[in-house]
Amino acid sequence: MDQTTHESGAYDFSAAEARWQAEWEARNSFATADAPQGGRRKCYVLEMFPYPSGKIHMGHVRNYAIGDVIARARRAQGYDVLHPMGWDAFGLPAENAARERNVDPAKWTRDNIAAMKADLKRVGLSVDWSREFATCDPEYYGHQQKLFLDLWRAGLAYRRESAVNWDPVDMTVLANEQVIDGRGWKSGAPVEKRKLRQWFFRITDFADDLLAGLDTLENWPERVRTMQRNWIGRSEGAEFSIRLTEPCAGIESVPVYSTRPDTLFGMSFVALAPDHPLAAAIAATNPEAAAFIAACQSAGTSEAAIEAAEKRGFDTGLRVVHPFDPARTHPVWIANFVLMDYGTGAIFGCPAHDQRDLDFARKYGLDVTVVVAPKDDPGMAVGDVAFTGDGAIVNSGFLDGLAVTAAKSRAIAELEARGAGKGVVNWRLRDWGVSRQRAWGCPIPMIHCEVCGTVPVPEKHLPVRLPEDLPFDRPGNALDHHPSWKHVACPQCGAAAQRETDTFDTFVDSSWYFARFCAPHAPVPADPAATSHWMPVDHYIGGIEHAILHLLYARFFTRAMHRLGQVGVAEPFAGLFTQGMLTHESYRTEDGKWLYPEEVIRHADHATTLDGRKVIVGPIEKMSKSKRNTVDPSAVIARFGADTARWFVLSDNPPERDVEWTEAGAQGAFRYVQRLYRLARSVAADRADDVALERAEGAARTLRQATHRTIAAVTEAIDGFAFNVAIARLYELANAIAESEGRTAPGLAAARREAMSALIRLAAPIIPHVAEEANALVAPEAGLVVNQPWPVADPDLLKRDSVTLAVQIMGKLRGTIELPPGADAETAIAQALAEPRIAQLLAGATIVKRIHVPDRIVNFVVRP
RNA sequence: GCGGAUGUGGCGGAACGGUAGACGUAGCAGACUUAAAAUCUGUUGUCCGACAGGACGUGGGGGUUCAAGUCCCCCCAUCCGCACCA
């Protein structure tokens with residue numbers, strides 16, 4: 001009896017998984033070289049690296065299982081596969097832990113990495129761990145500082161003022177997620193906007209290219225490309241000045257941007273962003289305006305908060321002159337829905353043809369003039385819905401009668417002729433602010449000298465290391481509070497100077513790690529030869545929540561590095577796959593306390609606690625610690641094994657959708673793993689059969705056909721990331737092998753061995769441990785499964801002996817017929833008409849049309 | 001508010017415009033067992049009817065087509081993102 005079989009004959013996953021993981025590690029099965037290997041095609045598989053929270057969760061298991069299936073399948077298919085792993089190790093949680101529990105964020109992070117790595121290793125991933133690094137390694141962030149200096153020298157980084165959320169009680173900058181309903185999450189104090197000098201990357205320099213590049217990303221989900229396109233937000237419009245009737249504080253006119261210059265005659269007001277310079281000038285002498293602006297500032301900086309807020313405005317009393325009609329004047333308002341960061345921070349309002357303007361106009365009783373008349377309703381009156389479609393321009397002087405597009409050009413030409421403005425391309429995309437007032441991040445390698453200004457840290461002094469004794473005893477930036485860290489001599493003049501105490505946004509850390517993985521020990525940030533070989537990432541796998549920011553920043557950063565000659569490609573991710581989230585029922589006691597699933601006994605129609613108290617079963621929601629509806633993968637792996645966990649998270653539904661963890665599903669997965677092993681034992685016990693595979697007949701040939709159909713179907717399904725479909729086909733093959741047991745047919749033993757070998761290799765990317773175990777029973781002479789090639793389907797065995805066609809009358813199914821594949825229309829229709837039931841139903845009716853789709857259907861269209 | 005997606009049996013889901021419900025899970029009936037678990041066999045969309053057969057059925061409403069889960073239009077619900085969470 002071998003050591004992984006219980007006395008009962010059951011598969012002992014625990015011993016087997018540890019043994020095969022050790023075996024792969026001892027053989028270095030997943031190590032990859034930086035350079036090309038003998039003409040083998042390369043495949044770079046990368047899952048978004050994790051934040052080291054300390055424990056893996058089921059979302060990680062699913063994310064890494066998806067990547068691992070692809071990596072293992074590609075390896076079997078003959079590719080040279082790069083599949084690395086690392087840690088996105090800077091960020092707020094470590095800092096919060098430091099404050100709350102007085103621990104060193106570095107130690108906290110290192111401990112978390114160690115724990116998570118141990119968890120991940122038990123999942124049995126085909127990862128080349130020799131490439132592992134964490135973004136908090138001084139070596140990594142030192143290279144990042146070098147990259148920043150390169151970007152700065154290339155003019156792609158600069159410093160300017162920008163607003164942050166300021167908590168006036170805790171005296172600290174808040175992240176948007178720390179602002180809840182306009183208040184600080186801890187202090188509860190209303191948040192203020194405050195301007196700080198901050199570092200920015202000039203991502204807008206690449207706006208055009210980032211947009212155009214999307215068209216080349218054929219292996220990205222269309223929805224992600226659409227989201228990025230909308231985010232970049234290219235628009236064509238007009239930028240022009242609108243003259244005030246009287247100057248205000250020396251300001252004579254207001255520049256506005258509009259994508260609808262065709263509706264200029266429908267203008268009824270001008271609206272300024274609350275932080276617009278003219279608004280500030282007005283507020284200086286008008287306390288009411290100042291109060292209104294102050295009220296707007298408390299909303300926080302997030303666009304969602306601003307736009308979801310009720311539209312409010314303040315009439316400044318100023319008026320502007322209409323650019324095309326000096327006789328008309330319009331009021332100037334300050335409005336909370338106008339964004340300073342978009343366009344010029346001021347708009348003209350045309351309520352009839354813009355919903356936000358209309359809502360605003362209705363609220364404050366402003367004029368609504370229709371200037372675009374829909375073709376089917378030329379006399380349209382506007383109620384509460386703005387008309388934004390095409391039509392003919394009316395009430396608009398020289399624009400009258402034109403269509404919208406023509407009117408835009410005409411209006412722009414007129415503005416240019418009058419010297420008032422011009423046609424411009426505008427982008428919604430803003431430059432990327434990377435300064436964070438946080439201590440647990442990559443220090444920005446700059447020094448502020450009173451004499452020399454802002455001076456870069458000399459490269460020989462990189463990395464600028466974080467101090468090991470960060471003081472977290474008071475709010476604010478611990479790096480800034482450190483007694484000595486920031487005080488240095490100016491590298492240029494030697495005078496006393498101060499280090500920049502802001503650190504980088506952690507999105508910077510994750511914007512080039514995939515390039516570093518290609519040569520993780522190179523003396524430069526990215527090794528050009530290694531990145532030229534491995535980049536782009538062929539399959540990048542992660543959550544849909546990263547669809548915009550992370551992916552856009554990484555695309556920008558790669559372009560910047562490419563421009564500087566540091567990586568071989570401009571586009572980092574050739575293929576993208578976005579997975580759904582893990583969800584689970586949530587449970588609470590009657591007094592509202594959240595319960596973990598393991599504290600709950602689930603009955604058929606209700607649930608109780610372990611000691612019998614009533615449990616309220618909540619909706620199925622995204623797993624989160626706060627609701628305690630999490631399932632701990634370590635516990636699942638200990639109970640069922642890694643193979644079961646991997647199989648379940650891939651089997652239940654398409655990977656791009658959310659998956660609900662269910663006990664029943666896990667049990668089902670567990671049964672399959674056991675069943676695979678039992679089948680292998682059964683096949684291994686078959687007596688040899690001297691009939692060759694090629695001469696298999698009857699049940700043996702049927703099994704061979706099933707095997708080869710499964711090979712074709714599973715290969716296609718895995719290529720398309722349809723793991724749930726691949727798994728359904730693997731169930732079918734297992735069923736077919738089980739059915740063949742005890743039967744007799746020429747070549748059946750050989751056919752069963754063939755089927756089992758295919759099943760093992762096809763299932764191996766998903767459940768690699770039991771696949772090795774089964775292989776050791778059935779075909780030990782073939783060597784480890786990880787070194788075996790992917791099975792290939794024999795086209796002859798994919799051919800069907802006969803096909804079933806549906807026979808329809810008026811599109812309704814009325815019967816089926818059996819035909820040889822490829823039968824022509826005449827044969828099919830004749831046979832359909834010969835069916836007694838069809839003939840009966842057609843009797844007395846006139847057939848007006850006969851439709852035949854080869855190997856699919858016959859449909860008769862009849863008249864009674 | 002804006003942008004993007006999703007919706008099919010009790011549940012997860014499958015389905016080049018061509019037999020809706022593959023496969024799994026749950027349920028029911030049976031075999032094995034002292035018993036339970038495991039395993040195996042059969043069965044299961046709803047309604048009518050006898051297992052023949054029929055009607056209905058893919059979030060709701062309309063349309064295109066010989067034929068619609070699939071294409072088009074409108075609506076509803078849920079989820080993701082919104083620039084300092086990662």
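The basis for the numbers below is simple: all heavy atoms, side chains too, and nothing from hydrogens, waters or symmetry mates. Here is the naming used below: chain letters follow the sequence lines, and residue numbers restart at 1 for every chain. Worth saying up front: this structure is predicted, and the values here are computed from it rather than measured.
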Taking donor-acceptor contacts at under 3.5 Å, does the side chain of [X] reach the base of [N]?
{"X": "R438(A)", "N": "C84(B)", "answer": "yes"}
{"X": "R671(A)", "N": "A38(B)", "answer": "no"}
{"X": "N859(A)", "N": "C66(B)", "answer": "yes"}
{"X": "E545(A)", "N": "C85(B)", "answer": "no"}
{"X": "Q437(A)", "N": "C84(B)", "answer": "yes"}

So, is [X] near the phosphate of [N], with a side-chain N or O under 4.0 Å from OP1 or OP2?
{"X": "R430(A)", "N": "A83(B)", "value": "no"}
{"X": "N230(A)", "N": "G4(B)", "value": "yes"}
{"X": "K812(A)", "N": "G18(B)", "value": "no"}
{"X": "R729(A)", "N": "C23(B)", "value": "no"}
{"X": "N735(A)", "N": "C23(B)", "value": "no"}
{"X": "R223(A)", "N": "C79(B)", "value": "no"}

Just to be sure I understand the rule, does [X] reach a base, reach only the sugar-phosphate, or reach nothing, if contact means heavy atoms closer than 4.0 Å?
{"X": "G668(A)", "answer": "sugar-phosphate"}
{"X": "G815(A)", "answer": "nothing"}
{"X": "V848(A)", "answer": "nothing"}
{"X": "Q198(A)", "answer": "base"}
{"X": "R814(A)", "answer": "sugar-phosphate"}
{"X": "E303(A)", "answer": "base"}
{"X": "T506(A)", "answer": "sugar-phosphate"}
{"X": "R856(A)", "answer": "base"}
{"X": "V807(A)", "answer": "nothing"}
{"X": "R675(A)", "answer": "sugar-phosphate"}
{"X": "H546(A)", "answer": "base"}
{"X": "I851(A)", "answer": "base"}
{"X": "A547(A)", "answer": "nothing"}
{"X": "Q808(A)", "answer": "base"}

Counting only heavy atoms not in E716(A) (residues, nucleotides, ligands), do more than 12 fall under 6.0 Å from its CD?
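At most 12 heavy atoms, drawn from other residues, nucleotides or ligands, come within 6.0 Å of this atom.
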Other residues, nucleotides and ligands only: do more than 12 of their heavy atoms fall within 6.0 Å of NZ on K186(A)?
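Yes.
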[N]: pairing nucleotide in any strand, Watson-Crick or G-U under 3.5 angstrom:
{"N": "A50(B)", "answer": "none"}
{"N": "G42(B)", "answer": "C28(B)"}
{"N": "A20(B)", "answer": "none"}
{"N": "A5(B)", "answer": "U78(B)"}

Looking only at side-chain atoms of [X], point me to the closest of [options].
{"X": "L429(A)", "options": "U19(B), A83(B), A26(B)", "value": "A83(B)"}
{"X": "A806(A)", "options": "A83(B), G4(B), U19(B)", "value": "U19(B)"}
{"X": "Y51(A)", "options": "A86(B), C84(B), C40(B)", "value": "A86(B)"}
{"X": "N653(A)", "options": "A20(B), A83(B), G13(B)", "value": "G13(B)"}

Would you mind reading off the distance between [X] atom [atom1] and [N] atom [atom2], rounded to a whole angstrom?
{"X": "D652(A)", "N": "G24(B)", "atom1": "CG", "atom2": "P", "value": "13 Å"}
{"X": "I727(A)", "N": "U25(B)", "atom1": "CD1", "atom2": "P", "value": "12 Å"}
{"X": "I809(A)", "N": "U19(B)", "atom1": "CD1", "atom2": "C1'", "value": "14 Å"}
{"X": "R657(A)", "N": "C80(B)", "atom1": "CZ", "atom2": "C1'", "value": "15 Å"}
{"X": "L549(A)", "N": "C84(B)", "atom1": "CG", "atom2": "C1'", "value": "11 Å"}
{"X": "W647(A)", "N": "G13(B)", "atom1": "CH2", "atom2": "P", "value": "17 Å"}
{"X": "Q667(A)", "N": "A37(B)", "atom1": "CD", "atom2": "P", "value": "12 Å"}
{"X": "E835(A)", "N": "U19(B)", "atom1": "CD", "atom2": "C1'", "value": "14 Å"}

If you assign F507(A) and K849(A) each to the RNA chain B nucleotide with the nearest heavy atom, which residue ends up on the more 5' nucleotide?
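First, find each residue's nearest nucleotide; the 5'-ward one identifies K849(A).
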Mapping N724(A) and K311(A) onto RNA chain B by nearest heavy atom, which one lands closer to the 5' end?
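Nearer the 5' end of the strand: K311(A).
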[atom1] atoms of [N] and [M], separation to the nearest Å:
{"N": "G18(B)", "M": "A67(B)", "atom1": "C1'", "value": "7 Å"}
{"N": "A50(B)", "M": "U65(B)", "atom1": "C1'", "value": "38 Å"}
{"N": "G60(B)", "M": "G69(B)", "atom1": "P", "value": "12 Å"}
{"N": "U58(B)", "M": "G9(B)", "atom1": "P", "value": "9 Å"}
{"N": "C23(B)", "M": "A14(B)", "atom1": "C1'", "value": "8 Å"}
{"N": "G61(B)", "M": "A68(B)", "atom1": "P", "value": "15 Å"}
{"N": "G10(B)", "M": "G63(B)", "atom1": "C1'", "value": "34 Å"}
{"N": "A22(B)", "M": "C71(B)", "atom1": "P", "value": "22 Å"}

Have a look at W87(A) and tell me which of D509(A), I113(A), T109(A), N112(A) forms a side chain to side chain contact (heavy atoms under 4.5 Å, CB included) with it.
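Filter result, single survivor: I113(A).
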Aromatic ring proximity [X]/[Y], centre distance under 6.0 Å:
{"X": "F721(A)", "Y": "F723(A)", "result": "yes"}
{"X": "Y731(A)", "Y": "Y672(A)", "result": "yes"}
{"X": "Y553(A)", "Y": "F201(A)", "result": "no"}
{"X": "F640(A)", "Y": "F13(A)", "result": "no"}

If you measure from CZ on F360(A) to NZ on K311(A), what distance do you get to the nearest 0.5 Å?
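Taking CZ in F360(A) and NZ in K311(A), the distance rounds to 10.0 Å.
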Is it true that the NZ or CZ of R428(A) lies under 6.0 Å from the centre of Y342(A)'s six-membered ring and within 45 degrees of the ring axis?
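Relative to the ring axis of Y342(A), which defines the angle, R428(A) lies outside at least one limit.
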For G62(B), does the O4'-C1'-N9-C4 (purine) or O4'-C1'-N1-C2 (pyrimidine) torsion place it in syn, i.e. within 90° of 0, or in anti?
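Anti conformation for G62(B).
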Only one of T503(A), D505(A), D502(A), N477(A) forms a side-chain hydrogen bond (donor to acceptor under 3.5 Å, both in side chains) with R436(A), so which one is it?
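Only match with R436(A) under side-chain hydrogen bond (donor to acceptor under 3.5 Å, both in side chains): D505(A).
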